[in-house]
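Have a look at the structure below, then the notes.
As the structure is a computational prediction, the values presented were derived from the model and not from experiment.
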There are 2 protein chains.
Amino acid sequence: MQDLEKILENNNVKPTAMRLLVLQFLLDKKVAISLTDVENYFDKSDRTTLYRTLQTFVKSELAHKIEDGTGIPKYALCEENCHCEIDNDLHLHFRCTNCNETVCITDYKIPTISLPKGYIAEDVNLVVKGICDKCSHN
Amino acid sequence: MQDLEKILENNNVKPTAMRLLVLQFLLDKKVAISLTDVENYFDKSDRTTLYRTLQTFVKSELAHKIEDGTGIPKYALCEENCHCEIDNDLHLHFRCTNCNETVCITDYKIPTISLPKGYIAEDVNLVVKGICDKCSHN
DNA sequence: ATGAAGAATGCAACGGAAGTGCATTAATTA
DNA sequence: TAATTAATGCACTTCCGTTGCATTCTTCAT
């Protein structure tokens with residue numbers, strides 16, 4: 001549990017109460033989380049604080065922001081030693097159209113993308129939509 | 001110019017004035033277009049009509065809808081004989097962080113994605129962010 | 001040709017979510 | 001302990017997508 005504090009401090013984020021709670025929440029939930037998800041979970045807290053907490057996590061490379069095609073940004077904790085670098089850390093995201101959850105498929109890295117001349121890639125975002133493991137078994 | 005009517009009719013869309021104009025606009029613009037883009041261009045027309053026009057185009061497989069990571073849906077005309085099918089028609093999209101334009105890179109198809117057991121892919125969305133051809137030359 | 005049915009359009013309003021400014025509170029440090 | 005900085009909470013704005021409903025236009029059968 002004090003691990004949480006260390007995680008934050010390792011990323012130069014001051015461990016406030018709210019940040020610890022949000023971090024815990026992200027750790028528990030195995031899926032990518034929207035601001036609204038967090039807001040609903042922490043009933044008493046202010047949306048703006050949560051909003052900025054997530055921003056802080058992303059900026060300090062503790063979490064990454066996911067655009068899963070819904071238009072609603074989702075957040076998930078980075079893997080160990082992740083710097084969200086192209087060619088190294090980019091994995092794909094899977095959004096289930098049944099349960100509507102988005103998960104990181106970290107075991108499957110994104111293949112190298114070839115681009116026409118003149119195009120410079122800085123970030124790659126790959127979202128697969130379909131039926132997830134859980135839902136395909138029911 | 002009457003070609004436009006044929007395009008619509010081939011896709012079972014009645015060629016109304018507004019639809020012809022929007023189709024023309026999509027043809028002219030080489031980049032993916034948001035609802036707001038269309039709205040700004042056709043100053044006199046109603047947002048809802050344009051909204052529904054785009055929906056109609058997507059439903060009739062005349063255009064495809066693009067989530068480019070901005071959260072704002074974009075639209076672009078499909079290629080000839082496109083049915084937006086996985087494995088056949090899916091191409092990648094490139095969003096330039098400089099000019100903020102999103103283009104279809106139709107020449108580069110999306111490589112086959114391998115997924116963990118139990119996951120069923122229905123749609124794949126690949127967005128590369130970076131500097132586009134135009135902007136990298138300046 | 002005319003009236004009825006259906007499709008397209010236009011207007012107004014709603015709702016969700018991101019984002020910002022500013023005052024307040026908490027924490028840090030000199 | 002005072003002063004500076006960071007974090008939080010509240011109110012408000014803005015932006016878009018979306019929907020409901022009334023109105024106009026089109027089509028088609030009588």
- CG of B:Asp46 versus P of D:dT23: gap in Å, rounded? 16 Å
- Protein-nucleotide distance (B:Leu54, atom CG; C:dA8, atom P), rounded to Å: 15 Å
- Message: What is the separation between atom NZ on B:Lys44 and atom P on C:dC11, rounded to the nearest whole Å?
- Response: 11 Å
- Just by modelled atom types, is the B:Glu85 backbone N or O under 3.5 Å from a matching donor or acceptor in the B:Asp89 side chain? yes
- Task: Write down the distance between CG (A:Leu21) and C1' (D:dT8), rounded to a whole number of angstrom.
- Result: 14 Å
- Message: We want to know whether B:His83 and B:His64 form a side-chain donor-acceptor pair, criterion being a heavy-atom distance below 3.5 angstrom.
- Response: no
- Query: Rounded to whole angstroms, how far apart are CG on B:Leu20 and P on C:dA8?
  - Reply: 13 Å
- How would nucleotides 13-30 of chain C be written as a contact map, 5' to 3', with B for base contact, S for sugar-phosphate-only contact and - for no contact, using protein heavy atoms under 4.0 Å? ----SSSBB---------
- Answer yes or no: is there a donor N or O on one side and an acceptor on the other, between the side chain of B:Asn11 and the main chain of B:Ser60, under 3.5 Å? yes
- Message: Under a 4.0 Å threshold between the charged nitrogen and the carboxylate oxygen, would A:Glu9 count as salt-bridged to A:Lys14?
- Response: no
- Message: Just the rounded figure in Å: distance from C1' of D:dC16 to NZ of B:Lys74.
- Response: 13 Å
- Which whole-number value in Å describes the distance from B:Glu5 CD to D:dT26 P? 13 Å
- Could you check which of C:dG10, D:dT8, C:dA8 has an atom nearest any side-chain atom of A:Met18? D:dT8
- Query: In Å and rounded to the nearest 0.5 Å, what is the CG to CG distance from A:Leu8 to A:Asn10?
  - Reply: 9.0 Å
- Task: Return no unless some side-chain N or O of B:Thr16 is found under 4.0 Å from OP1 or OP2 of C:dA8.
- Result: no
- Task: Starting at atom CG of B:Asp43, determine the distance to atom P of C:dG10, rounded to an integer number of angstrom.
- Result: 14 Å
- Hey, is A:Glu122 close enough to B:Lys129 for a salt bridge, meaning N to O under 4.0 Å? no
